[in-house]
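So you know, we letter chains A, B, ... as the sequences are listed, proteins then strands, and number each from 1.
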Number of protein chains: 4
Amino acid sequence: MPKVSRAHRESRRQQILEAAITCFAREGFHRTSIQDIIAESGLSAGAIYGYFAGKDAIVAAIAENRHAHEAAMLARAMARDDLTTALHDLAHGYVDWLRDPDERRRRRVNIQLWAEALRNPEVGAIVQRGLELREPITRAFRAARRRGRIPASLDPDALSRAMLALLHGFILQQAWEPGIDAEAFLTVVEHVIDGLGRGADVRGRSQARRRGKRS
Amino acid sequence: MPKVSRAHRESRRQQILEAAITCFAREGFHRTSIQDIIAESGLSAGAIYGYFAGKDAIVAAIAENRHAHEAAMLARAMARDDLTTALHDLAHGYVDWLRDPDERRRRRVNIQLWAEALRNPEVGAIVQRGLELREPITRAFRAARRRGRIPASLDPDALSRAMLALLHGFILQQAWEPGIDAEAFLTVVEHVIDGLGRGADVRGRSQARRRGKRS
Amino acid sequence: MPKVSRAHRESRRQQILEAAITCFAREGFHRTSIQDIIAESGLSAGAIYGYFAGKDAIVAAIAENRHAHEAAMLARAMARDDLTTALHDLAHGYVDWLRDPDERRRRRVNIQLWAEALRNPEVGAIVQRGLELREPITRAFRAARRRGRIPASLDPDALSRAMLALLHGFILQQAWEPGIDAEAFLTVVEHVIDGLGRGADVRGRSQARRRGKRS
Amino acid sequence: MPKVSRAHRESRRQQILEAAITCFAREGFHRTSIQDIIAESGLSAGAIYGYFAGKDAIVAAIAENRHAHEAAMLARAMARDDLTTALHDLAHGYVDWLRDPDERRRRRVNIQLWAEALRNPEVGAIVQRGLELREPITRAFRAARRRGRIPASLDPDALSRAMLALLHGFILQQAWEPGIDAEAFLTVVEHVIDGLGRGADVRGRSQARRRGKRS
DNA sequence: GATGAATGAGACTTCATTCAT
DNA sequence: AATGAATGAAGTCTCATTCAT
């Protein structure tokens, strides 16, 4: 039925999304008209609508791409056995990402998606799914706490939230001040990660050990 | 009804800004039409334009208010002598703020301002000035490091960035998931704050003192 | 009944009209808002409406002033006994008027009134009355023709039209090119006036010559 | 219905301009809203803006058309070898034009353009270029004066101005009083044209002298 | 499948006028 | 009488989307 191959369709789709990202990074979602995307992509109005139902669908598709990217980054990091190593990997992954000049453009779009998520239910759902990627981290913290490597006073969910908050917060700062020193920030994050276990002995290594023996 | 007092003018201004915040929180800047603000405020189109040059001016005025609010919150915290106490205060201040149901509405607008700052130079400048509020924290970290209370490996600027990132990141999360447990997050943040000095004594109080002498 | 003297009212009226002329000369009728006139006059909106029913009434009042001015200029010229002298006087009057720098501003408004007359019946009526001022000239031409000083082939009405056309046409040119040489134009107009009698011999040179000798 | 021919585009453009002229002749530029032109043209708002950037661009395009028309009329007349014949042709051309009932509508627009030229620089430039069309006439007068057929006291530039002024002035009168007798006016204009050479004997030329003796 | 001209609702903004003070 | 804030209809223009070719 399709006169063009699936590969061709997919490449056209990407062409449109790339053009849209360029426009969105430059002017924001709402200041970008479909005409702008048409001009940037080199396609025609009709062609765009052959691939996407409308502007919102393009925004959703970009959000989806971003989500897939984050999921992959996280999966890579979480493949590590050790929580601390995994968190370091994750932090490094983010900082490498922050350095990529092409990704910088995309991150401007990310921040807009964060705002868009507040109103657009479709984007909201995708951001929500992005937040669920925290789950493996939370589970790892929970395990670490059970093993007494994290103080019992710290909520595993709150811990993974804090990790994500640090990274999101820095993404904002870098978008606002592109020249900032990611390396120095990374050092602080690593210091924070390494310090999370501090005080874990207070409520008892022994207890944790006992728990550990049981399991 | 001409010849109104300055107080009256100011109250009208606030009336418009409040209406705008309500609309922006509900639908976002760009999905909110001036007509929506008119309807919400109970004023007429012409009246709005007597107070603001246009939608962008309203957005900028809101950004300005937000900035003033943050500056006040920071100034309150930074009045403390001790850095750790100040940071705890700051974190508590943010969390109290996060709890205020009326402020919740406003924070949704804040996040939109963060995105808007990327494209609207006027809003960008205001966000920029917000970032400069970090300066007293950075200075406090610098002083603490000099006194050996913070490891020399940690950059004061990066430290204050990390503090801000944690808070900004959490604001995002709370906007996306209004029901999350701010208390548990606060506990983690306090743990992180308390742990920042870790390692400073290992490598030595004495060492720090020596460094101090050298410089 | 009036709390202010009639003289005061009249001076206020003129103040408004002057401000309006300034605005109209600068931006045209339609690009000038009542607010502009308010600002230029230094009065308040309410005050303006105490003197004029609206913008159209201001325009009509200005047209009326212009008409009175032209009528006076014409009456002055037509006081002359001799047609040729009268026409010379009239032409000189116009050219003097063209030289007055303050009148230059007003003439820009005149041209707009010419256009406005096509659509605004009130202004149209005033312009119409301006055209009726041609009547004494037409009568003078008719008399001159009867006396054989103008060829019988020339219609007195058309002659007075031609005189007016020359002057109106030059007003246009001067408005478009403020630097043009009015003197040289006047010379041509005088030459044309003096030549109108050429060929009048058909219906009686002798009679004309006799009269000519007398003058 | 995409991919339309150039001819189709051009016809649409003319359709819009015709509708605009109808509206402008009826109500004037400023009392005509874009909606009026839309209704008159039978197109949609968006379509109009696909052809013209806005109302001013439509006005400018009309001015451009008018200019082309005048240029053509002048070129036709100036093709004549003899100045007097050329001027007669020109006058006849104008008067024929004045008679055309469809052109009558357009002339109302012309007068508005004259006023508009005072404030709208784009229209001003086009009117300016219209005035430059006088140049061939001026040159012809200069040549005639050199040959002694025009008195040396008359400035060629002022002479061509006077010709134009007569015609412009009459256009005004005809717009204000549509019923006036163009024929009678034409007779006067021809009389004036024929009389321009009168008095040329001052600077000599036997031919000129002979004419001079007769009068 | 692709094209891009056309649609028309709706966005922002202005401004003549009113009227409470 | 004077003021000038407020009104709200009306103006200009944009833009997501459709559909004849």
Could you check how far [atom1] of [X] sits from [atom2] of [N], rounded to whole Å?
X: Ile16(A); N: dG1(E); atom1: CD1; atom2: P; answer: 13 Å
X: Arg13(D); N: dA6(E); atom1: CZ; atom2: P; answer: 14 Å
X: Glu27(B); N: dA11(E); atom1: CD; atom2: P; answer: 12 Å
X: Ile48(B); N: dA6(F); atom1: CD1; atom2: C1'; answer: 11 Å
X: Arg6(B); N: dA5(F); atom1: CZ; atom2: P; answer: 13 Å
X: Leu43(D); N: dT7(E); atom1: CG; atom2: P; answer: 6 Å
X: Ile37(D); N: dT12(F); atom1: CD1; atom2: C1'; answer: 11 Å
X: Arg9(B); N: dA5(F); atom1: CZ; atom2: P; answer: 6 Å

Worksheet entry | Leu43(A) and Ile37(A): CA distance, side-chain angles, deciding distance, side chain to side chain contact (heavy atoms under 4.5 Å, CB included) verdict | CA-CA 9 Å; Leu43(A) 296 175; Ile37(A) 298 175; over 6 Å; no
Practice prompt. Assess the side chains of Glu116(D) and His30(D): does a donor N or O sit below 3.5 Å from an acceptor N or O?
Written response: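 On atom types as modelled, these side chains qualify, holding a pair under 3.5 Å.
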Worksheet item: Would you say the side-chain atoms of His67(B) and Gln128(B) include a donor-acceptor pair closer than 3.5 Å?
Response: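 Side-chain D/A pair, His67(B) to Gln128(B): absent.
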Discussion item. How long is the straight-line distance from CG of Asp36(B) back to OG1 of Thr22(B), given to the nearest 0.5 Å?
Written reply: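 Rounded to the nearest 0.5 Å, the OG1-CG separation comes out at 11.5 Å.
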Discussion item. Counting the atoms with a prime plus P, OP1 and OP2 as sugar-phosphate, which does Tyr51(D) contact under 4.0 Å by heavy atoms, base, sugar-phosphate, or nothing?
Written reply: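 Counting heavy atoms under 4.0 Å across all strands, the contact made by Tyr51(D) is with sugar-phosphate only.
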Practice prompt. Check for a donor-acceptor pair, side chain of Asn120(B) on one end and backbone N or O of Ala117(B) on the other, with a separation under 3.5 Å.
Written response: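 Flag not set: sc Asn120(B) to bb Ala117(B) has no pair under 3.5 Å.
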Item to complete: For Gly42(B) and for Ser44(C), locate the closest nucleotide of DNA chain F by heavy-atom distance; then report the residue assigned to the nucleotide nearer the 5' terminus.
Response: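 Here Ser44(C) is the residue nearer the 5' end.
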Discussion item. Working note: His69(B) + Glu103(B), criterion side chain to side chain contact (heavy atoms under 4.5 Å, CB included); need CA distance, chi angles, decisive distance, verdict.
Written reply: CA-CA 11 Å; His69(B) 181 100; Glu103(B) 284 295 328; 4.0 Å; yes
Fill in: Trace of the side chain to side chain contact (heavy atoms under 4.5 Å, CB included) decision for Tyr51(A) with Ile58(A)
CA-CA 9 Å; Tyr51(A) 291 92; Ile58(A) 294 176; over 6 Å; no
Item to complete: Give the intermediate values and the outcome of side chain to side chain donor-acceptor pair (under 3.5 Å) for residues Gln14(D) and Glu10(D).
Response: CA-CA 6 Å; Gln14(D) 287 308 319; Glu10(D) 186 49 35; 3.1 Å; yes
Practice prompt. Please determine if Arg13(A) and Glu18(A) form a salt bridge, counting it only when a charged side-chain N lies under 4.0 Å from a carboxylate O.
Written response: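 So Arg13(A) does not pair with Glu18(A) through a salt bridge.
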Worksheet item: With a cut-off of 6.0 Å (strictly less than), are more than 12 heavy atoms of other residues, nucleotides or ligands near CD of Glu122(C)?
Response: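 Not more than 12 within 6.0 Å, no.
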Item to complete: For atom CD of Glu40(D), decide whether the heavy atoms of other residues, nucleotides or ligands shown that lie under 6.0 angstrom number more than 12.
Response: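 Enclosed: over 12 neighbouring heavy atoms sit under 6.0 Å from CD of Glu40(D).
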Discussion item. Please determine whether a side-chain nitrogen or oxygen atom of Arg12(C) lies at a distance below 4.0 Å from atom OP1 or OP2 of dA1(F).
Written reply: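 No, because none of the side-chain N or O atoms of Arg12(C) sits under 4.0 Å from OP1 or OP2 of dA1(F).
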Worksheet item: With the sugar-phosphate defined as primed atoms, P, OP1 and OP2, and the base as all remaining atoms, what B/S/- string results for nucleotides 12-17 of chain E, 5' to 3', for protein heavy atoms under 4.0 Å?
Response: SBBBSB
Worksheet item: Where along residues 113-126 of chain A does a heavy atom fall under 4.0 Å from DNA chain E?
Response: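 Hits under 4.0 Å, by residue number: none.
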Practice prompt. Can you pull out how bent the helix from dA2(E)-dT21(F) to dT21(E)-dA2(F) is, comparing the axes over its first five and last five pairs, to 10°?
Written response: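 The end axes of the helix from dA2(E)-dT21(F) to dT21(E)-dA2(F) are about 0° apart, to the nearest 10°.
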